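I have placed the structure first, in the form of structure tokens, so that the comments after it can refer back to it.
Letters A, B, ... mirror the listed sequences (proteins, then strands); counts begin at 1. Not measured: the values here are computed from a predicted model.
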2 protein chains.
Amino acid sequence: MEQLLQSLKIGINEKIFIKDPESSDLGKRIVEESIIMIHQMGFESFTFRKLGTKIKSNESSIYRYFENKHKLLLYLTSWYWGWLEYQLVFSTNSIPDAKDKLTKAIEIMTRETKEDSAFSHINEVLLNKIVINEYSKSYLTKEVDTENKEGYFVIYKRLINRISNMIKALDSSYPYPSSLSSTIIEGSLHQHFLKEHFSSLTDCNENISPTEYFIDLVFKSLKS
Amino acid sequence: MEQLLQSLKIGINEKIFIKDPESSDLGKRIVEESIIMIHQMGFESFTFRKLGTKIKSNESSIYRYFENKHKLLLYLTSWYWGWLEYQLVFSTNSIPDAKDKLTKAIEIMTRETKEDSAFSHINEVLLNKIVINEYSKSYLTKEVDTENKEGYFVIYKRLINRISNMIKALDSSYPYPSSLSSTIIEGSLHQHFLKEHFSSLTDCNENISPTEYFIDLVFKSLKS
DNA sequence: TATTATATGATAGTATTACTATTATATTTG
DNA sequence: CAAATATAATAGTAATACTATCATATAATA
């Protein structure tokens with residue numbers, strides 16, 4: 001599994017970047033440091049100028065990789081969802097029982113990323129936190145529909161569909177497989193956020209994980 | 001009910017504004033037009049300068065009401081949650097049966113706002129759409145914890161608590177009342193958004209409402 | 001009615017952002 | 001070694017997100 005992820009390249013829509021950041025050392029440093037900086041200062045305060053200073057490169061060089069910071073966020077989050085998708089596929093592929101499969105899938109989708117795989121320049125622990133705090137900003141824009149047509153959200157959509165299909169496989173009579181799937185994925189991010197910042201609005205804490213909550217929620221909804 | 005809402009003033013934390021926009025004609029125009037503009041152009045493109053031009057007032061005059069557009073968003077969304085809270089309380093107060101009460105509550109929290117009450121300068125239909133598209137930006141910031149301590153999110157939190165209490169009243173053994181409550185409210189906004197922009201990620205459409213989905217989800221989770 | 005607060009408007013100014021353009025200098029590749 | 005390509009350095013622009021100052025209009029009060 002870890003070997004597989006090591007050698008894997010996540011296929012990101014080429015329209016998201018101008019020049020593939022995986023294709024050069026500078027590109028990788030842009031990605032690596034942007035994750036650290038966005039995590040530290042938040043997406044709003046993060047700028048290409050600051051990133052340039054940090055990686056001792058030039059602002060204009062960064063613009064040769066990404067049109068703007070919104071595209072960079074799309075790149076980072078696409079990478080994250082692609083990475084999660086690999087984990088989902090590898091971990092559930094061999095499970096024959098539909099219920100076991102869905103259980104495992106929910107586990108993967110709702111757990112906190114706790115270890116950096118340390119193979120690549122990408123810190124998955126920080127990236128997970130970025131996704132929790134910033135992902136919705138990538139689609140809550142006036143440009144969603146255009147960007148959706150351009151395919152900027154394909155990986156995310158494919159992921160939600162995979163879970164939706166697992167739900168259907170377990171209970172074909174359930175009327176809301178897509179809504180339930182999107183609730184698990186977006187809801188999980190939200191519960192993780194609440195745990196950190198609005199603890200009175202969630203039951204999740206050190207003892208109760210979002211995974212527990214969603215497993216309960218899903219299997220009470222489905223015939224199984 | 002409508003009369004009640006007409007004469008009602010929603011109590012918004014005074015730290016959110018510098019000068020109460022309800023206290024003057026200019027203040028009301030700021031609120032009224034900002035709703036229209038944010039809905040039209042999105043929160044990112046909206047500026048106080050543009051608003052000033054639109055209402056034929058001065059940028060600097062707007063700054064005398066709100067420190068910045070983030071505070072204005074907090075004001076608008078607080079107003080919205082306060083308005084929903086009144087509807088919730090008035091509509092469920094007299095319902096004795098815990099299940100009926102929760103059903104009604106879910107209906108109120110998940111339905112689309114379709115009619116502008118036309119009493120005030122505030123267009124609730126547009127405001128509902130703003131909340132769907134922009135609300136999470138108000139708390140997905142590096143300043144959440146400070147602002148939360150300042151009480152900027154009290155109404156929202158109170159609302160979630162009210163639903164959580166209704167869940168507890170119906171099924172005291174359910175282990176995740178707060179998570180379920182926050183899932184209903186945030187999840188509803190999300191399903192409405194998906195319906196508009198990512199129809200393949202939801203089962204909600206013209207025929208199936210988010211309300212149906214959440215009613216099903218909640219009552220399958222609870223003993224009742 | 002005159003005085004004086006208070007609210008609003010007009011204008012200007014600043015630092016920062018989000019870029020674009022140009023030219024110079026490395027570095028890689030053929 | 002030449003030519004292509006990548007990166008760096010520098011400068012410049014329009015817009016944003018304010019702050020400051022002063023003028024004027026309106027309202028409250030003495």
Side-chain angles (χ1 to χ4, degrees), chain A residues 14-34 37-38 40-76 121 134 137-138 140-143 146-147, chain B residues 14-34 37-38 40-76 121 134 137-138 140-143 146-147:
Chain A
E14 303 209 340
K15 289 176 203 149
I16 289 181
F17 48 76
I18 296 167
K19 179 180 170 162
D20 186 354
E22 288 289 324
S23 71
S24 75
D25 182 64
L26 177 63
K28 285 176 193 156
R29 272 157 54 220
I30 289 171
V31 168
E32 181 173 16
E33 280 297 330
S34 68
M37 288 182 80
I38 292 172
Q40 276 173 353
M41 66 198 340
F43 187 65
E44 282 56 52
S45 302
F46 169 80
T47 70
F48 279 1
R49 176 152 300 192
K50 288 174 188 168
L51 176 59
T53 307
K54 186 78 177 292
I55 63 175
K56 279 169 190 146
S57 175
N58 205 274
E59 194 188 2
S60 60
S61 303
I62 300 167
Y63 277 104
R64 289 201 190 87
Y65 286 84
F66 296 101
E67 227 177 299
N68 49 49
K69 67 174 179 172
H70 173 245
K71 288 284 179 75
L72 171 60
L73 181 62
L74 285 172
Y75 179 87
L76 296 177
H121 48 292
E134 324 284 1
K137 296 173 193 168
S138 76
L140 293 176
T141 68
K142 278 286 158 186
E143 297 78 32
T146 325
E147 296 192 342
Chain B
E14 303 209 340
K15 289 177 201 148
I16 289 182
F17 48 76
I18 297 168
K19 178 180 171 162
D20 186 355
E22 289 289 323
S23 72
S24 75
D25 182 63
L26 178 61
K28 285 175 193 156
R29 273 157 54 220
I30 289 171
V31 168
E32 181 173 16
E33 281 297 329
S34 67
M37 288 183 79
I38 293 172
Q40 276 173 355
M41 65 198 341
F43 188 64
E44 282 58 50
S45 303
F46 169 81
T47 70
F48 278 2
R49 176 152 301 191
K50 289 173 188 169
L51 176 60
T53 307
K54 186 79 177 293
I55 63 176
K56 279 171 189 144
S57 175
N58 205 273
E59 193 188 4
S60 60
S61 302
I62 300 168
Y63 277 104
R64 290 198 188 91
Y65 286 83
F66 296 101
E67 227 178 297
N68 49 48
K69 67 174 178 173
H70 173 245
K71 288 284 179 74
L72 171 59
L73 181 62
L74 285 173
Y75 179 87
L76 296 177
H121 49 291
E134 323 286 0
K137 297 172 192 167
S138 77
L140 293 176
T141 67
K142 278 286 158 187
E143 297 78 32
T146 324
E147 296 192 343

*Indicate yes or no: at least one non-hydrogen side-chain atom of B:R64 is less than 4.5 angstrom from one of B:S61.*
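Side-chain contact under 4.5 Å: yes.
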*Can you find a heavy atom in the side chain of B:I30 that is under 4.5 Å from one in the side chain of B:F66?*
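Yes, side chains in contact.
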Atom pairs, N/O to N/O, protein against nucleotides 15-20 of chain D, distance under 3.5 Å?
from   : atom 1 : to    : atom 2 : distance (Å)
D:dC18 : O5'    : B:Y63 : OH     : 3.1
D:dC18 : N4     : B:R49 : NH2    : 3.2
D:dC18 : N4     : B:E59 : OE1    : 3.3

Between [atom2] on [N] and [atom1] on [X], what's the gap in Å once rounded to a whole number?
{"X": "B:R64", "N": "C:dA5", "atom1": "CZ", "atom2": "P", "value": "18 Å"}
{"X": "A:F66", "N": "C:dT20", "atom1": "CZ", "atom2": "C1'", "value": "19 Å"}
{"X": "B:I18", "N": "C:dT6", "atom1": "CD1", "atom2": "C1'", "value": "16 Å"}
{"X": "A:M41", "N": "C:dT16", "atom1": "CE", "atom2": "P", "value": "13 Å"}
{"X": "B:D25", "N": "D:dA25", "atom1": "CG", "atom2": "P", "value": "18 Å"}
{"X": "A:H70", "N": "C:dT17", "atom1": "NE2", "atom2": "C1'", "value": "17 Å"}

Contacts of type side-chain hydrogen bond (donor to acceptor under 3.5 Å, both in side chains), residue [X], not counting sequence neighbours:
{"X": "A:K54", "result": "A:E33"}
{"X": "B:S45", "result": "none"}
{"X": "A:S24", "result": "A:Y65"}

Review item, nucleotides 3-6 of chain D N/O atoms under 3.5 Å of protein N/O:
none

_Quick check on D:dT7: is either OP1 or OP2 less than 4.0 Å from any side-chain nitrogen or oxygen of A:S57?_
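So the side-chain polar atoms of A:S57 never come under 4.0 Å of the phosphate oxygens OP1 or OP2 of D:dT7.
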*asked:* With rounding to the nearest 0.5 angstrom, report the CD1 to CD distance, A:I16 to A:E147.
replied: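 The CD atom of A:E147 is 8.5 Å from CD1 of A:I16, to the nearest 0.5 Å.
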_side-chain contact (heavy atoms from CB on, under 4.5 Å) evaluation trace for A:H121 with A:V31_ = CA-CA 8 Å; A:H121 48 292; A:V31 168; 4.0 Å; yes
Under the salt bridge (charged side-chain N to carboxylate O under 4.0 Å, His left out) rule, collect the residues that match up with [X], sequence neighbours excluded.
{"X": "A:R29", "answer": "A:D25"}
{"X": "B:K50", "answer": "none"}
{"X": "B:K19", "answer": "none"}
{"X": "B:E32", "answer": "none"}

Please produce a list of atom pairs where a protein N or O lies less than 3.5 Å from an N or O of nucleotides 25-30 of chain C.
none

*Can you list the steps and then say if A:L26 with A:I62 is a side-chain contact (heavy atoms from CB on, under 4.5 Å)?*
CA-CA 9 Å; A:L26 177 63; A:I62 300 167; 5.9 Å; no
Donor-acceptor pairs under 3.5 Å, side chain of residues 68-75 of chain A to any protein atom, not counting sequence neighbours: which ones?
from  : atom 1 : to     : atom 2 : distance (Å)
A:N68 : OD1    : A:H70  : N      : 3.2
A:N68 : OD1    : A:K71  : N      : 3.0
A:K69 : NZ     : A:F43  : O      : 2.8
A:K69 : NZ     : A:E44  : O      : 3.0
A:K69 : NZ     : A:F46  : O      : 2.9
A:H70 : NE2    : A:S138 : O      : 3.4
A:K71 : NZ     : A:E67  : OE1    : 2.6

*Runs of at least three consecutive pairs that involve DNA chain D, where pairs are Watson-Crick or G-U with distances under 3.5 Å*: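 If one scans DNA chain D for consecutive Watson-Crick or G-U pairs, the stems found are C:1-30 with D:1-30.
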